[in-house]
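As structure tokens, the structure follows; a few thoughts come after it.
Keep in mind that what you see is a predicted model, and the values were worked out from it rather than measured.
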Amino acid sequence: MKLTILGGGGFRVPLVYGALLGDRGEGRVGEVVLHDLDAGRLSAVTRVLAEQAARVADAPTVTATTDLDEALRGADFVFSAIRVGGLQGRADDERVALAEGVLGQETVGAGGIAYGLRTVPVAVEIARRVARLAPDAWVINFTNPAGLVTEAMSRHLGDRVIGICDSPVGLGRRIARVLGANPKEAWIDYVGLNHLGWVRGLHVAGRDELPRLLADPDLLGSFEEGKLFGTDWLRSLGAIPNEYLHYYYFNREAVRAYQQAERTRGAFLRDQQAGFYEQVGRSDGSALEIWDRTRAEREATYMAENRETAGAGERDADDLSGGYEKVALALMRAIARDERTTLILNVRNRTTLSVLDSEAVIEVPCLVDANGAHPVAVDPLPGHATGLVCAVKAVEREVLAAAESGSRATAAKAFALHPLVDSVNVARRLVEGYTAVHPGLAYLR
């Protein structure tokens, strides 16, 4: 089975390959093709993967190419993990937004819109190429903003593109762990959009254990989300929100923390990863050891400003291991081998949430089998969550419309309608600021 990874020179690719190395069942991936526009990054990541493979018999073969068509031909699965504009683009997204006093995070608010406007045209072209060159392939989208990009690609690939994110999985794992339950045996009642969802229940042996957590302040305050949001707010919500909702519920504090930080997250990652690739390029030592050290620092500093604002302290050691590669492998195995499982994924809504149309991509538990991912029926969201989900989905639709039409006015409308952008004039200045620094937005007229 052939797996093509787009963005194959990306820093997190060794996580995916490491998961493949641990998969010893029948019908596993035997060939991995890395595609990237940067041959130097491909070379560095290929070295890391070679060291990983040296420890494992019958490891999947790895080849690298800068030719997209070559990479796609004959693929059974395509993992899309591209970053249009690179980490410099992310740093610019943050800087332009913060100069206007609004959030520039890569998936939330103005930064997410800017990133989406750059990424959607590229993702759509990839989807068209996949449809032409590998029509039977399944596309697993890691590219942020994951829900928005998955919806853009679904207009060309239908249900054969599925978006993944490790945030809901990590959240469910933390809740189960603090309740003393096995995460593999728990049903997580989670629904929303990517980076905009809530756990409303966690069922073990048919019983919802979440009320027990919400009723115990000490237990509730003992894990990441309890520290981040505060126990009183979680009890008021009656649910546990995805960590990215901190940007909405504590927006003023988050913006101030980012403005006061020595570097934004994008600038930190830009510098850190540039150092990684440079060090691997000039070192004869272990590329895998360099990667391991860099990854540990990356994970430990995740959402550091938010945790500092909330007084949440350092991340727990159990939360530093990532997880999106495990979701990807489980998804691929379920489809390729018909190993039926339940995963929280980004898929087309169908009739799951009545407040959204059938084509809207949502994040929800899905039953996965050889025929793909099938969203599970869920209870309606409460009013406050429904309003937020509908508002953000409306913004995503304006981003898709702007990317398709090239309309500058529609792009400004997308910014202006977002709940975290508080002025039409700010929205217009954001368009001006982003088009001035991003060549990838030159199509907006």
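- The closest side-chain heavy-atom distance from Glu224 to Arg174 is below 4.5 Å.
- Defined by atom type and a distance below 3.5 Å, a donor-acceptor pair is present between the side-chain atoms of Glu363 and Tyr190.
- A ring-centre distance under 6.0 Å is found for Tyr434 and Phe415.
- Between the side chain of Asn242 and the backbone N or O of Leu245 there is no donor-acceptor pair closer than 3.5 Å.
- Using a distance-only test at 3.5 Å, with no hydrogens or angles considered, no donor-acceptor pair links the side chain of Glu100 to the main chain of Val102.
- Side chains of Thr150 and Asn346: no donor on one and acceptor on the other come within 3.5 Å.
- The local environment of CZ in Arg24 is crowded, with over 12 non-hydrogen atoms from other residues, nucleotides or ligands closer than 6.0 Å.
- With Lys2 contributing its side chain and Arg73 its backbone, the two residues share a donor-acceptor pair below 3.5 Å.
- To the nearest 0.5 Å, atoms CD1 (Ile113) and CD (Glu398) are separated by 10.0 Å.
- With hydrogens and angles ignored, the 3.5 Å screen pairs no side-chain donor or acceptor of Tyr115 with any backbone N or O of Gly85.
- For the pair Arg295 and Phe11, the NZ or CZ position fails the cation-pi test of under 6.0 Å to the six-membered ring centre and within 45 degrees of the ring normal.
- Relative ring orientation between Phe79 and Phe142 is described as tilted, the plane-to-plane angle lying within the 30° to 60° band.
- Judged purely by distance below 3.5 Å, without hydrogens or angles, the side chains of Asp369 and His374 pair a donor atom with an acceptor atom.
- With 3.5 Å as the limit, one finds no donor-acceptor pair spanning the side chains of Asn251 and His246.
- Side-chain atoms of Thr386 come within 3.5 Å of backbone N or O of Leu381 as a donor-acceptor pair.
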Q) Can you check salt bridge (charged side-chain N to carboxylate O under 4.0 Å, His left out) on Arg118 and Asp93, steps first, answer last? A) CA-CA 11 Å; Arg118 288 202 312 282; Asp93 288 343; 2.8 Å; yes
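- Within the 3.5 Å criterion, the main-chain N or O of Leu367 finds no donor-acceptor partner in the side chain of Thr342.
- A donor-acceptor pair under 3.5 Å is formed between the side chain of Asp36 and the backbone N or O of Gly9.
- A distance of 11.0 Å separates OG of Ser80 from CD1 of Ile5, quoted to the nearest 0.5 Å.
- Note that OG1 of Thr61 and CD of Glu31 are 5.0 Å apart. Values are rounded to the nearest 0.5 Å.
- Residues Leu3 and Asp76 form no side-chain contact, since every pair of their non-hydrogen atoms from C-beta on lies 4.5 Å or further apart.
- Judged purely by distance below 3.5 Å, without hydrogens or angles, the side chains of Gln105 and Thr107 pair a donor atom with an acceptor atom.
- Ser154 and Glu359 form no side-chain donor-acceptor contact under 3.5 Å, judged by distance and modelled atom types alone.
- Atom NZ of Lys393 is surrounded by more than 12 heavy atoms from other residues, nucleotides or ligands within 6.0 Å.
- For the pair Phe229 and Glu243, the tightest heavy-atom approach, listed with the atom from each and the gap, is CZ-O, 3.9 Å.
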Q. What's the verdict on side chain to side chain contact (heavy atoms under 4.5 Å, CB included) for Leu196 and Tyr248, showing C-alpha distance, side-chain angles and the deciding distance?
A. CA-CA 9 Å; Leu196 192 79; Tyr248 291 87; 3.6 Å; yes
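- Arg83 and Thr119 share no side-chain donor-acceptor pair at under 3.5 Å.
- More than 12 non-hydrogen atoms from other residues, nucleotides or ligands lie less than 6.0 angstrom from CD of Glu432.
- Side-chain N or O atoms of Ser43 include none that pairs as donor or acceptor with a backbone N or O of Ala39 at under 3.5 Å.
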